[in-house]
Amino acid sequence: MKVVIIGGGAAGMSAASRVKKLRRDANVVVLEGSNMVSHAPCGIPYYLEGLFDNYDLLMHYTPDYFRNVRNIDVRLNDAVVEVGQNYVRTNKGNRFEWDYLVLAMGAIPITPDIPIRGDRVFTVHHPAEAMKLRDALYSVSTIGIIGTGYVGLEVAEALRFRGKNVIMIGRSGYPLRKSLDEDIGNIVKNELSKYGVILRLNEKILEISDQGDEQVIITDGGKYAVDAVILATGIRPNIELARQLSLRIGETGAVWVDEHMRTSIDNVYAAGDIAETRNLITNKPYWHPFGTTANKTGFVVGSNIAGKLMIFPGVVGTSMTRFMNLYIASTGLTTQEAIRHGFRIRSAVITARTKARYYPGGGYVTIKLIVDDGSMRLIGAQVLGDDGSYVLGKIDTLAALMAKGATVEDLFMSDLAYLPAVTQVWDPLIIAARQFFRN
């Protein structure tokens with residue numbers, strides 16, 4: 001059995017490893033266009049911040065590990081340029097035949113459709129580019145970040161930690177608009193300002209030009225002279241090769257797959273950021289470009305190719321980030337998303353202590369719950385706090401309950417642990433759920 005996997009990121013290497021685990025006789029080839037596999041894009045901001053200097057740590061496992069330990073034929077700097085029925089061809093002129101093909105090319109940055117001039121305009125996307133990016137940013141003092149999503153936020157933290165001046169520009173009125181409601185987003189906005197990030201919100205980018213040693217960002221609200229520009233304006237599925245095969249593209253713009261991650265061609269699979277999935281709350285097509293989903297979909301693909309039937313049910317859309325001392329997490333739908341999908345909603349916001357009031361230390365956590373007014377089903381949640389492990393535990397609990405269709409009463413009755421050193425006797429999740437029973 002010949003299996004060709006295009007893309008050596010989380011999804012591709014997970015699929016390759018699973019096939020070899022179940023079918024040792026399979027001939028598995030991974031074709032990766034860069035010099036890295038099993039790479040971790042989420043680590044780039046921390047590399048920029050200087051929390052570690054070993055560039056190789058941006059890979060979970062080395063290419064030689066996959067070759068020597070897992071017996072996977074990994075080809076680096078071998079980008080696929082042509083895909084046909086039962087074959088692929090790379091930029092090196094190599095041709096590989098396949099019985100099964102896995103598309104795991106991930107996503108690529110979206111570049112704004114505006115005039116862009118200058119050689120100090122960057123994206124933050126692939127770990128293979130991280131060293132060059134860090135060298136470029138360390139040599140300047142003022143950086144403009146266009147975009148207020150996860151990448152923009154995390155890069156802003158890294159640059160402020162390095163003592164850089166940061167101007168963040170976005171079309172929305174508050175950061176992380178796709179994940180947070182305005183009331184919660186405003187808390188994040190205040191945190192950015194507190195640590196010296198200059199915010200220019202509700203402004204549309206018109207042009208990026210270069211004038212001498214400066215880059216000039218021109219918006220409908222002003223002009224900003226900076227030394228370098230980071231484009232953090234989103235990503236899109238990398239579907240060019242999928243189009244060569246005339247695969248069905250889903251309504252999200254990613255490759256359509258069934259619950260087994262099979263595309264519209266039976267022996268072609270897609271996994272990770274290139275693939276569409278299903279939202280477990282709306283039961284509609286959804287795109288969730290995160291490493292956690294990529295690893296699991298790759299595992300499912302590898303299982304099915306090797307003959308062990310497995311499905312990927314979908315996601316509720318859980319994510320988490322941090323800016324300085326504020327940890328930010330969300331799962332499910334925001335208020336606007338819920339309304340757009342036809343839900344009539346109720347919501348509650350609470351702020352509570354993270355430990356018993358008599359126990360030293362501790363902090364506070366803010367929790368927002370969104371429920372369907374008719375069924376009282378949990379459909380969205382947002383959690384902020386200064387303790388990352390605490391925030392992680394709360395959002396993961398909510399995500400797990402939400403994926404199973406739990407109601408706010410199910411949450412209230414959940415048998416959660418109690419220890420004064422780590423939480424209150426009335427857990428903040430229970431306090432948040434209790435708000436819906438006041439009347």
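What you see is a predicted model; the values in this text were computed from it and never measured.
- Across every non-hydrogen atom of L180 and T334, the tightest pair is N-CG2, 3.9 Å.
- For D181 (side chain) and I184 (main-chain N/O), no donor-acceptor pair under 3.5 Å exists by modelled atom type.
- In summary, of the residues considered (V19, V28, V3), a side-chain contact (heavy atoms from CB on, under 4.5 Å) with I72 occurs for V28 alone.
- A salt bridge links R134 to D53: at least one charged side-chain nitrogen sits closer than 4.0 Å to a carboxylate oxygen.
- By the 30° and 60° cut-offs, the orientation of the rings of Y47 relative to F52 is tilted.
- Under a 4.0 Å N-O distance rule, the pair R322/E154 does not qualify as a salt bridge.
- A salt bridge is absent between R120 and D227: the closest approach of a Lys/Arg side-chain nitrogen to an acidic carboxylate oxygen does not fall below 4.0 angstrom.
- Judged by the 6.0 Å distance and 45° axis criteria, R70 is not positioned over the aromatic ring of Y65.
- Ring geometry, H288 versus Y286: the interplanar angle falls under 30°, so the pair is classed parallel (tilted spans 30 to 60°).
- For K164 (side chain) and V140 (main-chain N/O), a donor-acceptor pair under 3.5 Å exists by modelled atom type.
- A ring-centre distance under 6.0 Å is found for F412 and F437.
- Using the six-membered ring where Trp is involved, H126 and H39 have ring planes that are tilted, between 30° and 60° apart.
- In this structure, R346 is not positioned above the aromatic face of F436 in the sense of NZ or CZ being under 6.0 Å from the six-membered ring centre and within 45° of the axis.
- T123 contributes no side-chain N or O that, together with a main-chain N or O of H125, makes up a donor-acceptor pair within less than 3.5 Å.
- For the pair D396 and K394, the salt-bridge criterion is not met [side-chain N within less than 4.0 Å of a carboxylate O].
- One N or O on the side chain of S139 and one on the backbone of A136 form a donor-acceptor pair closer than 3.5 Å.
- With respect to K368 and D183, a salt bridge is recorded, a charged nitrogen being found less than 4.0 Å from a carboxylate O.
- A salt bridge links R67 with D64: the distance from a Lys NZ or Arg NE/NH1/NH2 to an Asp or Glu carboxylate oxygen falls below 4.0 Å.
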